[in-house]
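Remember, predicted model here, so these are calculated numbers, not experimental data. Just so we're on the same page: letters track the sequence lines, and every chain starts at 1.
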2 protein chains.
Amino acid sequence: MRNSPFMPEFKHAYSPFKNHQHSQCIHHALCSAEKLCKENGFRLTNVRKRVLELIWESHQALGAYAILEQLGQEGVKPAPPTVYRALDFLLDAGLVHRINSLNAYIGCNHPKDHHHGSYFLICQHCRIVAEIHDQAIDEEISALAKREAFIVCERALEISGICQRCQENGHAG
Amino acid sequence: MRNSPFMPEFKHAYSPFKNHQHSQCIHHALCSAEKLCKENGFRLTNVRKRVLELIWESHQALGAYAILEQLGQEGVKPAPPTVYRALDFLLDAGLVHRINSLNAYIGCNHPKDHHHGSYFLICQHCRIVAEIHDQAIDEEISALAKREAFIVCERALEISGICQRCQENGHAG
DNA sequence: ATTGTAATGTTATAATATAACACTTTATAA
DNA sequence: TTATAAAGTGTTATATTATAACATTACAAT
Ligand SMILES: [Zn+2]
Ligand SMILES: [Zn+2]
Ligand SMILES: [Zn+2]
Ligand SMILES: [Zn+2]
């Protein structure tokens, strides 16, 4: 599916640092979110869906209070708990990730198979966050945990630096 | 030095999950901090040293306001900026690390060679944090970054789970 | 002693997140 | 269909983490 010839637009959907059809990308994200919720009996209510849309509007991590501002500009501005509850739902459903080093949230590009960790490349200049899946790192982490007799529940790898596009635009390190 | 027969107590100083002579461990940490500061012309003032000592009193990550409380119990309680400035100094000097997923701080067990990343095993039960150095993970991260043409500035890998001792005490996941 | 710099004290406030309780909507099932 | 329970949302207040701004003090180097 991911590499299906019927969906060539999504070829780079998982590499936001490269050019991609973002309207397609966000549409795809929202559709698969709806699908996932329907399949699992999760209720993707209006607030939750709107928060997810706002998060997907760019590939930059979005803070809870930025989301609040956005919601405020399209009607009545809700109180913080509204946004945090929506975020909690989306996190639980695996539809968004929290970037701890930024106190901010990013859409998940694989809202299904959370078998192992996902890792993040964070551009310090343009603030775009790319979610990466890397089996080699998965395995090294597992090996490390095994050596230490440590049972792994969560992995959070946040790699900060400069993305290719920003390097090309002269923002190298 | 690290494996010197004259200091067998430090054999496990870098694995707080295993039993170790913690009085030796903390003493060693403070001594090498003093040494590092002297060598580099950093000023390890009273506040800074006391904050570092408090952080090293356990291998659990300590929050800034917990540090404030402790300082308050041994004299006049300072205001937050005092602690945050001490923490900034210690972070810059490489003497402590910030654990993003906990908003808390932990002593660095190798305050010198920050050539590559350090990674953290965080026990969700006892809250002890172990700093790990793993060349294989370093290399996989470098390989990943190279594939994505990403210039790495900082790496933060925080692995949460259950440590061996807590497993043995029946707190397994 | 003088002077510039680094460190600390102090007050106020920003930014992020949650507790507690009332109310409304939705689902379920007599 | 209406009663009922559960889930979701609104609202107010507050907790937690962190920083801005400016005054004062300690220190180092002339
Ligand atoms: Zn996109
Ligand atoms: Zn960039
Ligand atoms: Zn110790
Ligand atoms: Zn433990």
Q: List for me each residue that meets side chain to side chain donor-acceptor pair (under 3.5 Å) alongside A:His22, sequence neighbours excluded, and say none if there are none.
A: A:His20, A:His59
(Q) Taking side chain to side chain donor-acceptor pair (under 3.5 Å) as the definition, give me every residue that meets it alongside A:Glu53, ordered by chain and number, with sequence neighbours left out. (A) A:Arg50
Q | Whole-Å gap separating C1' (D:dT16) and CG (A:Asn100) | A | 16 Å
Return the polar atom pairs (N/O with N/O) between nucleotides 4-10 of chain C and the protein under 3.5 Å, or none.
from, atom 1, to, atom 2, distance (Å)
C:dA7, OP1, B:Arg48, NH1, 3.2
C:dA7, O5', B:Arg48, NH2, 3.4
C:dT8, OP1, B:Thr45, OG1, 2.5
C:dG9, OP2, B:Thr82, OG1, 3.3
C:dG9, N7, B:Arg85, NH2, 2.5
C:dG9, O6, B:Arg85, NH1, 3.1

(Q) Distance check needed: D:dG10 P versus A:Leu71 CG, whole Å only. (A) 10 Å
(Q) Quick test of the criterion, 5.5 Å between centres and less than 30° between planes. Is B:Tyr65 stacked on D:dT16 or not? (A) no
Side-chain donor/acceptor pairs under 3.5 Å, residues 35-46 of chain A, sequence neighbours excluded:
none

Q. Rounding to a whole Å, what distance do you find between A:Leu44:CG and D:dG8:C1'?
A. 13 Å
Q) Can you tell me how far P of D:dG8 sits from CG of A:Leu90, to the nearest Å? A) 12 Å
Q. In whole Å, what is the span from the CG atom of A:Asp92 to the C1' atom of D:dG8?
A. 14 Å
Q) For B:Glu34, which residues count as a side chain to side chain donor-acceptor pair (under 3.5 Å) partner, sequence neighbours excluded? A) B:Lys49
Please tabulate, one pair per line, all N/O donor-acceptor pairs under 3.5 Å involving side-chain atoms of residues 139-156 of chain A, not counting sequence neighbours.
from, atom 1, to, atom 2, distance (Å)
A:Glu139, OE2, A:Gln135, NE2, 3.1
A:Ser142, OG, A:Asp138, O, 3.0
A:Ser142, OG, A:Arg155, NH2, 3.4
A:Arg147, NH2, B:Asp134, OD2, 2.7
A:Arg155, NH1, A:Asp138, O, 3.2

Q) Could you state the CD1-C1' distance from A:Ile99 to C:dT16, rounded to the nearest angstrom? A) 16 Å
Q) How many Å lie between CG on A:Leu68 and P on D:dT11, as a whole number? A) 13 Å
Q: Would you kindly give the OH-to-P distance between B:Tyr84 and D:dT17, to the nearest whole Å?
A: 7 Å
Q: Answer yes or no: is there a donor N or O on one side and an acceptor on the other, between the side chain of B:Glu158 and the main chain of B:Ile122, under 3.5 Å?
A: no
